[in-house]
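We name chains A, B, ... by the order of the sequence lines, and we start the count at 1 in each one.
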Amino acid sequence: MSWLTNFVRPKIRSLVERPQIPENLWAKCPACEQMIFHRDLETTQNVCPHCDHHMRVQPEVRFANLFDDGVYHTIELPKVAVDPLKFRDSKRYSDRLRDAQSKTGRTDAVIVAHGKIGGTPVVTLALDFAFMGGSMGLAVGEAMVAAAELATYQQAPLVVFPSSGGARMQEGILSLMQMPRTTIAVDMVREAGLPYLAVLTDPTTGGVTASFAMLGDITLAEPGAVIGFAGPRVIESTIRETLPDGFQKAEYLRDHGMVDMVVHRHEIRDRLITILDLLLHTQPSAEIVDLATAGLDIPDEAEAAADPEPAEEPEEQPAEK
Amino acid sequence: MADDGGNHRAGGAMNTFLDFEKPIAELEGKIKELRHLSDDGGINIVDEVTRLQTKAERLLRATYSKLTPWQKTLVARHPDRPHTSDYIDALFESFTPLAGDRKYAEDQAILGGLARFRGYSVMVLGHEKGADTEARVRHNFGMARPEGYRKVVRLMDLAERFSLPVISFIDTAGAYPGVGAEERGQAEAIARSTQKCLDLRVPLISAVIGEGGSGGAIALATANHVMMLENAIYSVISPEGCASILWRDPKHAEDAAESLKVTAQDLLRLGVIDEVVDEPVGGAHRDPGAVVDAVGKAVEGALRRLAALSAGEVRAQRRTRFLEMGRGQIGI
């Protein structure tokens, strides 16, 4: 586990990076077009206080509101080959990468963190749409594998927050290969018997949807999030069908059986706490068992369940016939 | 997406020639004309035909020895190129097609079934593009809907139950982008199919015989051994799609094909595939029998090697293959 040696010692990063503050201190909601004071946006995690529209939010803001007391630790992302295809379109990929890095202050579109949610240790991974559309290349794939390895190591559930246009075209076939690679990461967590939860945020499309985003044991989605495989323009131009209302929105996917629930951003933490509690604490707490069995001299429940005692059964059954 | 992009078909009733094959087409046209004349018996004409034939062959060899990635894309999509059904017919005995995902529908974009291959009982499956208009429509041009991928999972489950190796042929422009496909969970279906490939406790061997189009391809190609035909392509997005996004103009498809590194030779260098299977001079469509034989031989070799592994080993080999992919020094 080479990444463990590179593991950056816990550093509290909560609230380091706040959402970009508009110069005039006011932002306009893209849905209802009302003006919102920037401080209000911070306290609402970029949810419009007027119409509840969920705007995209930086992973750090999300995590600060997700982890207990806003405390979490990020891990250093594994090193990957940079621009392996020497890709260039109208611009060099290496230049695009550098621009995105200086704009966002991160090396790629992904952040992996761990901390406690409702007292339970949890590993999380989030994609940042602001970094080249949250696209998945080697860095995101390797980060997902690292997150799965960390979850397995800590025996902690893994919760992912994708926000991505899909595969990173500039890494060509290697970006496509991140689909099986992130699927392996999901399998690692599953094989360790740990919950793997996905919270789909706007947008979750393309190769990210067709791999780790859609493989959650339980799948949550934020209201209004666009979730799909093919983009709406591709569908319209290929098949010349008009798209139904609300097509590829979170609610539409829920109605078509593709996600379990649509959850308001402010309620995601509580919902995750409940789900994780139900999945991880599956037995009555010790105290209750003690009270119920006190003085009744019933054999230990676990023992009784483990041993069906077939020796005595056959004798009784013929007598009843 | 552009529906031409240079793929104009010259040649009319005879062979379908690609744009860059025009000089070859002209020579072959001339040869045909002369042959027609030679029925009247002129010794000089026979000489001339032989001369032109040699010239045409030399030109064909020269053209195909230095195809650009875009030209390869056109060859990979050539309508006369052998498709999955051709490989199944020629290489497998007792092919018993199986249909349906048991959830919603049967998707003819993906064929699959039990068969015998060189003595082994196997599950064979693959995208089918269809050879004529009627078949193309029936097979939806090889673009599968969620049902296709769910059928793949079902057939792989079955293969595993009876320890049958799985052989998949990859030939698709991509998963079908439609309203119904989205509603029924295209992304989820692809993800589950990829996951099933990774989980298989029997060997999975994939051959990219034409187009390996993005998620629709990887859903069947997350294999222990992946081979590609010499002129096949395998890409995260079609050159046209990439051009319209990154260049904002589908006319740049040629540049995109170059940049994306879509050829078998590039993918071998990147460690994404294990083997390149040579095509006859002038591409698979000029001698389908030869290319089918070559693929059969390569599949048999891979199968013999993988058959020696235990169920656990075969699964572990596949996982390691993908986990290590792209790590360390990599590049073109």
Side-chain angles (χ1 to χ4, degrees), chain A residues 78 80-81 83-91 93 138 141-142 145 166-181 183-184 186-187 204-215 227-231 234-235 237-239 241-244 247-248 252-253 256-258, chain B residues 1 143 174-192 194-195 197-199 212 214-219 221-222 234-237 241-243 245-248 252 255-256 259-262 266-267 270 272-273 318-319 322-323 325-332:
Chain A
V80 294
D83 190 13
L85 304 187
K86 305 276 174 283
F87 191 98
R88 108 171 270 168
D89 45 86
S90 51
K91 218 170 157 185
Y93 172 44
L138 284 164
E142 207 64 69
V145 173
R168 176 129 354 131
M169 276 174 289
Q170 293 89 343
E171 294 186 17
I173 193 75
L174 293 170
S175 68
L176 185 68
M177 293 301 134
Q178 304 316 310
M179 291 172 64
R181 297 185 84 246
T183 302
I184 292 171
V186 173
D187 286 341
T204 301
T205 58
V208 168
T209 321
S211 59
F212 70 95
M214 272 295 168
L215 293 173
I227 304 159
F229 179 62
V234 175
I235 298 172
S237 69
T238 315
I239 60 175
E241 286 178 35
T242 28
L243 303 178
F247 183 64
Q248 293 187 325
Y252 194 88
L253 268 86
H256 283 86
M258 287 301 140
Chain B
M1 239 144 273
M143 294 188 287
Y176 185 65
V179 172
E182 291 286 323
E183 284 177 347
R184 298 193 300 277
Q186 186 71 292
E188 194 262 357
I190 290 170
R192 293 283 172 210
T194 309
Q195 191 176 37
C197 288
L198 283 163
D199 199 44
S214 197
I218 195 74
T222 307
Y234 192 2
S235 180
V236 65
I237 185 168
C242 179
I245 295 170
L246 290 184
W247 279 264
R248 301 185 188 282
H252 279 277
D255 300 318
S259 289
L260 279 167
K261 306 283 185 281
V262 299
D266 284 329
L267 267 61
L270 289 167
V272 170
I273 61 165
R318 194 183 309 118
R319 179 182 279 202
F322 282 90
L323 217 42
M325 197 176 280
R327 280 184 175 164
Q329 276 301 103
I330 187 162
I332 290 278

Proximal component of [X], with respect to chain B [non-hydrogen, under 4.5 Å]:
X	answer
A:Tyr252	side chain
A:Met169	both
A:Gln178	neither
A:Ser211	backbone
A:Ile235	both
A:Gln248	side chain
A:Ile184	both

Interface residue of largest heavy-atom contact number with chain A, from [options], under 4.5 Å:
options	answer
B:Thr194, B:Leu323, B:Thr222, B:Val262	B:Leu323
B:Gly178, B:Ser214, B:Ala181	B:Ser214
B:Arg184, B:Arg319, B:His252, B:Arg248	B:Arg319

Roughly how far, to the nearest 0.5 Å, is [atom2] of [Y] from [atom1] of [X]?
X	Y	atom1	atom2	answer
A:Met177	A:Met179	CE	CE	9.5 Å
A:Glu142	A:Arg181	CD	CZ	4.5 Å
A:Phe247	A:Ile227	CZ	CD1	12.0 Å
A:Ser175	A:Phe87	OG	CZ	9.5 Å

Tell me, for [X] versus chain A, whether the close heavy atoms (under 4.5 Å) come from the side chain, the backbone, both or neither.
X	answer
B:Ser259	both
B:Leu198	side chain
B:Val272	side chain
B:Ile237	side chain
B:Arg192	both

Considering only heavy atoms from C-beta outward, does the side chain of B:Leu267 approach that of B:Tyr234 to under 4.5 Å?
yes
Show the nearest heavy-atom pair for residues [X] and [Y], with the distance to one decimal.
X	Y	result
B:Ala175	B:Ile190	CB-CD1, 3.7 Å
B:Phe322	B:Ala221	CZ-O, 4.1 Å
B:Leu270	A:Ile173	CD1-CG2, 3.9 Å
A:Ala167	B:Val236	CB-CG2, 3.5 Å

Whether the side chain of B:Gln186 engages the backbone of B:Tyr176 through a donor-acceptor N/O pair (distance < 3.5 Å, no angle test) should be reported.
yes
Given A:Thr183, A:Leu138, A:Leu215, the one with more heavy-atom pairs under 4.5 angstrom with chain B than any other is A:Leu215
